[in-house]
Peer 1: 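Provided herewith is a single structure, encoded as structure tokens, for subsequent inquiry.
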Amino acid sequence: MEYRRLGNTGLKVSEISLGSWLTYGGYVEEQNATASIDKAYDLGINFFDTANVYMRGEAEIVVGKALKKYQRDSYVLATKVFWPMGDGPNDRGLSRKHIIEQCHASLKRLNTDYVDIYYCHRYDKETPLEETLRALDDLVRQGKVFYVGVSEWTAEQITEAVHLADKKLLDRIVVNQPQYSMLERYIEKEVLPVCQKHGIGQVVWSPLAQGVLTGKYQKGEKAPEGSRAAQEKYKSLFGLLTDENLDKVEKLKEVAADHKLSLPTLALAWILRQPNVASALVGASRPEQLEENVKASGVKLSDETLARIEDILR
């Protein structure tokens with residue numbers, strides 16, 4: 001496993017990190033979740049990601065319990081705040097009240113004194129940005145949060161937050177968590193340039209395009225039994241599962257085979273070609289999936305290979 005600095009900070013995170021969205025606390029039983037976290041740690045993954053909203057706190061409980069056996073300073077732990085955690089008017093968003101209360105609730109569920117990274121899970125148009133940034137700054141000063149991040153904010157929103165933090169001498173955003181993969185590249189146009197300018201690193205989610213880039217889905221065939229795409233409640237997540245994308249996947253398999261790589265390894269190595277990407281966030285329902293994913297760390301794709309991939313993706 002190789003490690004990269006998170007943006008312009010001194011924090012180093014593994015190039016492959018383990019998330020818990022749609023997996024731990026619900027879709028995957030706790031025994032498998034714990035085994036996957038243990039396998040990740042053994043493979044050199046030092047970066048674990050969750051959120052308060054994942055299964056309404058259950059994912060945090062599973063992650064916290066699994067990591068408790070390891071020395072706290074040996075791993076980097078991230079969680080998030082924004083989405084509703086109750087039915088009340090203040091049980092959502094990025095108000096001071098919701099941020100502070102949810103941070104305390106997350107720390108309790110994770111059974112830890114601090115989180116390394118605390119993300120604003122989305123942008124809150126109903127709360128003044130200064131209120132949000134001041135609440136986060138307070139948590140940093142109290143030692144409950146070490147670094148502040150955002151997820152799925154626009155380039156304009158990130159720029160505004162950076163300028164306001166500098167003006168008010170508040171702790172800066174240092175990490176962004178966007179969706180990014182061979183099949184979802186919207187961040188390349190504006191978000192990446194803005195983040196590079198301001199020293200904000202990327203920790204990208206869904207780098208395997210909801211599993212489309214694993215090669216397990218075949219054109220004209222039903223989704224494999226047991227896969228999320230085969231389950232009614234997850235079908236809305238699979239906008240990337242199109243005939244056009246499956247045609248691209250078949251061509252990408254050939255590129256991977258020519259380099260003696262699996263398709264997931266190629267897809268993750270392609271993500272890591274971006275110097276502004278600190279880590280690619282993968283999910284795992286079984287420990288053995290991680291053994292293949294971590295092979296992407298340190299893989300360097302030649303200019304010729306990148307050009308070939310670009311031709312396919314166009």
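Computation of the quantities below employed the complete heavy-atom set of this structure, encompassing side-chain atoms and omitting hydrogens, waters and symmetry-equivalent molecules. Everything quoted here is computed from the prediction, not taken from an experiment. Numbers here simply count residues along the sequence, with the first being 1.
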Peer 1: Using the salt bridge (charged side-chain N to carboxylate O under 4.0 Å, His left out) rule, collect all pairs that involve residues 101-112, keeping only residues at least two apart or in two chains.
Peer 2: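 Residue pairs with at least one partner in residues 101-112: E60-R109, K97-E101.
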Peer 1: Give a yes or no on whether a salt bridge exists between K251 and D247, defined as a side-chain N under 4.0 angstrom from a carboxylate O.
Peer 2: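 No, this pair does not count.
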Peer 1: According to the salt bridge (charged side-chain N to carboxylate O under 4.0 Å, His left out) rule, which pairs have a member within residues 73-83, sequence neighbours left out?
Peer 2: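 Listed once each, the pairs are D49-K80.
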Peer 1: Go through the side-chain N and O atoms of N52 and S106 and say whether any donor and acceptor fall under 3.5 Å apart.
Peer 2: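 There is no such pair (donor and acceptor under 3.5 Å, judged by atom type) between the side chains of N52 and S106.
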Peer 1: Between V148 and R172, is there a side-chain heavy-atom distance shorter than 4.5 Å?
Peer 2: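 Side-chain contact under 4.5 Å: no.
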Peer 1: Verify the distance criterion only: is there a donor paired with an acceptor across the side chains of Q179 and Y186 at less than 3.5 Å?
Peer 2: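 Distance-only check fails for Q179 and Y186.
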Peer 1: Measure the CD-OG1 distance between E310 and T305 for me, rounded to the nearest 0.5 Å.
Peer 2: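 Interatomic distance, E310 CD to T305 OG1, rounded to 0.5 Å: 13.0 Å.
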Peer 1: Can you see which heavy atom on M182 is nearest to which on A267, and at what distance?
Peer 2: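 Smallest interatomic distance, heavy atoms only, reads CE-CA, 3.9 Å.
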Peer 1: Has Q218 got a side-chain atom pairing as donor or acceptor with G215's backbone, closer than 3.5 angstrom?
Peer 2: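 Yes, Q218 side chain to G215 backbone: donor-acceptor pair under 3.5 Å.
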Peer 1: Applying salt bridge (charged side-chain N to carboxylate O under 4.0 Å, His left out), can you list everything that pairs with K260, at least two apart in sequence or on another chain?
Peer 2: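 With neighbours one apart ignored, the set is empty.
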Peer 1: With D138, which residues qualify under salt bridge (charged side-chain N to carboxylate O under 4.0 Å, His left out), at least two apart?
Peer 2: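 For D138, the residues satisfying salt bridge (charged side-chain N to carboxylate O under 4.0 Å, His left out) (neighbours in sequence not counted) are R96.
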Peer 1: Considering residues at least two apart in sequence or located in another chain, which fulfil the side-chain contact (heavy atoms from CB on, under 4.5 Å) criterion with T132?
Peer 2: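 Checked T132 against side-chain contact (heavy atoms from CB on, under 4.5 Å); matches are L94, I99, C120, T127, L136.
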Peer 1: Identify the residue among K12, R72, K144 that makes a salt bridge (Lys or Arg N to Asp or Glu O under 4.0 Å) with D116.
Peer 2: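 The option that passes is R72.
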Peer 1: With R308, which residues qualify under salt bridge (charged side-chain N to carboxylate O under 4.0 Å, His left out), at least two apart?
Peer 2: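 By the salt bridge (charged side-chain N to carboxylate O under 4.0 Å, His left out) rule, R308 matches D258.
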Peer 1: List the steps, then state whether salt bridge (charged side-chain N to carboxylate O under 4.0 Å, His left out) holds for E188 with R185.
Peer 2: CA-CA 6 Å; E188 292 179 350; R185 304 174 62 178; 3.1 Å; yes
Peer 1: Show the numbers, then the answer: is there a side-chain contact (heavy atoms from CB on, under 4.5 Å) between V255 and I309?
Peer 2: CA-CA 8 Å; V255 178; I309 291 171; 4.2 Å; yes
Peer 1: Anything under 30° is parallel, anything over 60° is perpendicular, the rest tilted; go ahead and classify Y70 against Y41.
Peer 2: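 Plane angle under 30°, so parallel.
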Peer 1: Taking side-chain contact (heavy atoms from CB on, under 4.5 Å) as the test, write out the residues that go with T214, two or more places apart.
Peer 2: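 So T214 forms a side-chain contact (heavy atoms from CB on, under 4.5 Å) with L208, K216, P264.
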Peer 1: Test of understanding: with ring pair (Phe, Tyr, Trp, His ring centres under 6.0 Å), list the residues that count as partners of Y118, not counting sequence neighbours.
Peer 2: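 With neighbours one apart ignored, the set is empty.
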Peer 1: Determine the sole option in L18, L77, V76 for which the side-chain contact (heavy atoms from CB on, under 4.5 Å) test with N46 is passed.
Peer 2: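 The residue from L18, L77, V76 that satisfies side-chain contact (heavy atoms from CB on, under 4.5 Å) with N46 turns out to be V76.
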Peer 1: Between N245 (side chain) and L240 (backbone), is there a donor-acceptor pair under 3.5 Å?
Peer 2: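 Between the backbone of L240 and the side chain of N245 there is a qualifying donor-acceptor contact (under 3.5 Å).
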Peer 1: Can you confirm whether the side chains of S297 and Y3 place a donor and an acceptor under 3.5 Å from each other?
Peer 2: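 S297 vs Y3: no donor-acceptor pair found between side chains.
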Peer 1: In chain order, what residues pass the side-chain contact (heavy atoms from CB on, under 4.5 Å) check against K39, with sequence neighbours excluded?
Peer 2: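 Partners of K39 under the side-chain contact (heavy atoms from CB on, under 4.5 Å) test: L43, P287, L290, E291.
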Peer 1: Between Y75 and F47, is the ring centre distance below 6.0 Å?
Peer 2: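 Distance test on ring centres: not under 6.0 Å, no.
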Peer 1: Tell me, which pairs form a side-chain hydrogen bond (donor to acceptor under 3.5 Å, both in side chains) where one or both residues lie in residues 86-95, sequence neighbours left out?
Peer 2: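 Every pair satisfying side-chain hydrogen bond (donor to acceptor under 3.5 Å, both in side chains) with a residue in residues 86-95: there are none.
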Peer 1: Quick one: salt bridge (charged side-chain N to carboxylate O under 4.0 Å, His left out) partners of E254, sequence neighbours excluded?
Peer 2: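 In terms of salt bridge (charged side-chain N to carboxylate O under 4.0 Å, His left out), with neighbours along the sequence ignored, E254 is linked to no residue.
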Peer 1: Will you find, in the side chains of E292 and T265, an N or O donor that is under 3.5 Å from an N or O acceptor?
Peer 2: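 There is such a pair (donor and acceptor under 3.5 Å, judged by atom type) between the side chains of E292 and T265.
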Peer 1: Is the shortest distance from a Lys or Arg side-chain nitrogen in E15 or R4 to a carboxylate oxygen in the other one below 4.0 Å?
Peer 2: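 Judged by the 4.0 Å cut-off on N to carboxylate O distance, E15 and R4 do form a salt bridge.
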Peer 1: Restricting to side-chain contact (heavy atoms from CB on, under 4.5 Å), what partner residues turn up for Y123, sequence neighbours left out?
Peer 2: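 Expected list: K125, L129, W153, Q157, E160.
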